Amino acid sequence: MLGNFGRAADPVSRRSVGPGSASRRSVGSVSRRSVLAGMGGLAAAGVLAACGDNTGRGGAASGDLTVWFHEYGEKGTAGALRRYAEDFPGGGVGIATFPGDYDQKVASALLGDGGPDVFEFGNGPTIDMIAAGQVADLTDLLGDARSDFNPALLDRMTYQGKVYGIPQVLDLQLLVYRPSMLQKAGVREPRTIDELVSAAKELNKGGVKGLFLGNNGGADVLGGVLLWSSGHDYLTPDRKPGFANEDVAAGLRTLRTLFTSGDLLLGAPQDWSDPGAFIAGLTAMQWTGLWALPAITQALGDDVRVCPFPAIGTNGGASVPFGAYGSAINTKGDVKRAKKFVQWLWVERADLQLDWAQGYGLHVPARRSLVPQANKLATGIYSEASKLVYSVGHPQTPLLWTQRSSTAYRDALDRVIRGGADPMTELNGVAAVVTQELDRFPR
């Protein structure tokens, strides 16, 4: 569910920023994992498709509270959402789901009077939604449960001390590898980016590539880990660009070297979010997500391990990105009743939150007290993966990282990694864009 912890095509399953069963079809579809794909696109609106009787605010005439979700792909999600709505005391909740460009559908709806009362959004509502007064302050809904939510993610949905989104579940990206292949090649789990490069070279043999970072060589998916693993971040604590420095530039040069080395898998049938290439033995290591692990373990058994992206340079450390869809409330809707529904479902009903996290794919509960109760995460690599959220995890992007900033950074990474452009020149250019964007929002 990670996001653009927004949404990308989801080949393994459609519910996520992650899914989960090997039997699910491998066709492009929208899912929870898109929240982790780069969060950023408000493009043309998609076609509407409702999973219940309502298709938006149409239910308002009958007094229904309207609740919007993007179209999940894991089997059973639509029925679960309807069941949750039916269980809400007093009833009167209409659920609608939308395929295609859900983000743009929401953004357009919030400009008029026909939007939903409640809607989910990748990593919570955007800073522009908050600044425009389109979403309600939800701080009072948390009560004693506030400390139970993942603090970094809740902070991601907070602006000037007010909470504007309630996290639903978490998804994360990570590195998976075949220990049997590494052992045969005489290499260990990579702890530094130099070890990753060396391992990719040693593992590139016999028709098997050493590493798969996506068909763009990581340009569209590794933006965050390049910063965190080098000891930096998107923004500094005093709200300035935090990435235009030599440590990050060095990491970019290394990824450029990897891209041209011949040791990376490029042009795979499916991109990084789908484990197909890894399962088929086309690569010994792959960057993917938690959602892919059920399909991988079903195919490969115990011959798989997980680890974070390794440290870059002497100031860095291992890291993984995570994201979540957050429940938000439209200020033009029935705010009072909408707050009751959001509080009931995402704060009070821990049993339904746990069901949503592991009943339809594989995800980490947004609340720490529920993680030990998630049976699917209790053992093996599932447990190891889920622990990365709290040990080396970072929210996918900060709240003040706008769509324009995201596009500028992603395009710069592409020009460096795939095109060979000078890293510092590109990073300084992005910093200028980010500074302009930050100036739009008061402190």
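These numbers were taken from a predicted model, which means no experiment stands behind them.
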Peer 1: Among all residues two or more places apart in sequence or in another chain, which pass the side chain to side chain donor-acceptor pair (under 3.5 Å) test with Thr283?
Peer 2: none
Peer 1: Grab the two heavy atoms, one from Gly223 and one from Leu227, that are nearest each other, plus how far apart they are.
Peer 2: O-CG, 3.4 Å
Peer 1: If the condition is ring pair (Phe, Tyr, Trp, His ring centres under 6.0 Å), which residues does Phe243 pass it with, not counting sequence neighbours?
Peer 2: Trp401, Tyr409
Peer 1: Are the side chain of Asp414 and the backbone of Ala219 linked by a donor-acceptor contact shorter than 3.5 Å?
Peer 2: no
Peer 1: Could you tell me if the side chain of Leu141 sits less than 4.5 Å from the side chain of Trp346, heavy atoms only?
Peer 2: no
Peer 1: What verdict does the salt bridge (Lys or Arg N to Asp or Glu O under 4.0 Å) test give for Lys339 and Asp140, after you've listed the backbone C-alpha separation in whole Å, the side-chain angles of each residue and the deciding distance to 0.1 Å?
Peer 2: CA-CA 9 Å; Lys339 282 189 172 184; Asp140 61 330; 3.6 Å; yes
Peer 1: Restricting to non-hydrogen atoms, name the atom on Pro116 and the atom on Thr66 that form the minimum distance, rounded to 0.1 Å.
Peer 2: CA-OG1, 3.3 Å
Peer 1: Identify, with sequence neighbours excluded, every residue that meets side chain to side chain contact (heavy atoms under 4.5 Å, CB included) alongside Ala249.
Peer 2: Glu246, Arg253, Pro423, Met424, Leu427
Peer 1: Which heavy atom of Val306 sits nearest a heavy atom of Glu189, and at what distance?
Peer 2: O-OE1, 4.1 Å
Peer 1: Can you check whether Gly214's main-chain N or O pairs, donor with acceptor, with Gln286's side chain at less than 3.5 Å?
Peer 2: no
Peer 1: Under the salt bridge (Lys or Arg N to Asp or Glu O under 4.0 Å) rule, what pairs show up with a residue in residues 255-265, not counting sequence neighbours?
Peer 2: none
Peer 1: Got Leu142 and Leu138 here, is their nearest side-chain heavy-atom distance under 4.5 Å?
Peer 2: no
Peer 1: What heavy-atom pair brings Leu255 and Ile417 nearest, and what distance separates the two atoms?
Peer 2: CD1-CD1, 3.8 Å
Peer 1: Holding to ring pair (Phe, Tyr, Trp, His ring centres under 6.0 Å), I want the full list of residues that pass it with Phe88, two or more places apart in sequence or in another chain.
Peer 2: Phe341, Trp344
Peer 1: Please name all residues satisfying side chain to side chain contact (heavy atoms under 4.5 Å, CB included) with Val433, sequence neighbours left out, ordered by chain then number.
Peer 2: Arg404, Ala408
Peer 1: So, Ser108 versus Gln104: side-chain donor-acceptor pair below 3.5 Å or not?
Peer 2: yes
Peer 1: Output all residues satisfying side chain to side chain contact (heavy atoms under 4.5 Å, CB included) with Lys387, sequence neighbours left out; order by chain, then residue number.
Peer 2: Ser383
Peer 1: For the side chain of Ser229 and the backbone of Val225, is there at least one donor-acceptor N/O pair under 3.5 Å apart?
Peer 2: yes
Peer 1: Within a strict 4.5 Å, meaning less than it, do heavy atoms of the Gln353 and Leu345 side chains meet?
Peer 2: no
Peer 1: Taking atom types as modelled, find out whether Asn150 and Arg368 have a side-chain donor-acceptor pair closer than 3.5 angstrom.
Peer 2: no
Peer 1: Do Ser327 side-chain atoms and Glu120 backbone N/O form a donor-acceptor pair below 3.5 Å?
Peer 2: no
Peer 1: If we only count heavy atoms from C-beta on, is the Leu211 to Leu213 side-chain gap below 4.5 Å?
Peer 2: yes
Peer 1: Name the orientation class of the two ring planes belonging to Tyr72 and Phe69 (parallel below 30°, tilted from 30 to 60°, perpendicular beyond 60°).
Peer 2: tilted
Peer 1: Closest heavy-atom contact between Ile130 and Pro125?
Peer 2: CD1-O, 4.2 Å
Peer 1: List the atom of Leu265, the atom of Phe212, and the distance in Å for their closest heavy-atom pair.
Peer 2: O-CD1, 3.2 Å
Peer 1: Measuring only between side-chain heavy atoms, which start at C-beta, is Val93 closer than 4.5 Å to Tyr84?
Peer 2: no
Peer 1: Within a strict 4.5 Å, meaning less than it, do heavy atoms of the Leu175 and Val320 side chains meet?
Peer 2: no
Peer 1: Taking side chain to side chain contact (heavy atoms under 4.5 Å, CB included) as the test, write out the residues that go with Ile193, two or more places apart.
Peer 2: Thr254, Phe309, Ile312
Peer 1: Name all residues meeting the side chain to side chain donor-acceptor pair (under 3.5 Å) criterion together with Asp128; count only those two or more places apart in sequence or in a different chain, and write none if there are none.
Peer 2: Arg440
Peer 1: Looking at residues at least two apart in the chain, or sitting in another chain, which of them share a side chain to side chain donor-acceptor pair (under 3.5 Å) with Asn245?
Peer 2: His232
Peer 1: Please name all residues satisfying side chain to side chain donor-acceptor pair (under 3.5 Å) with Trp228, sequence neighbours left out, ordered by chain then number.
Peer 2: Asp233
Peer 1: Could you list the residues that satisfy salt bridge (Lys or Arg N to Asp or Glu O under 4.0 Å) with Asp148, not counting sequence neighbours?
Peer 2: Arg367
Peer 1: With a 4.5 Å heavy-atom cut-off, do Pro167 and Leu154 have their side chains touching?
Peer 2: yes
Peer 1: Pick from Phe119, Phe98, Phe121: which one makes a ring-ring contact (aromatic ring centres under 6.0 Å, His included) with Trp68?
Peer 2: Phe98
Peer 1: Are the side chain of Thr139 and the backbone N or O of Val163 linked by a donor-acceptor pair below 3.5 Å?
Peer 2: yes
Peer 1: Please check if any side-chain donor atom of Glu437 sits under 3.5 Å from a side-chain acceptor atom of Ser405, or the reverse.
Peer 2: no
Peer 1: Any non-hydrogen side-chain atom of Glu71 less than 4.5 Å from a side-chain atom of Tyr102?
Peer 2: no
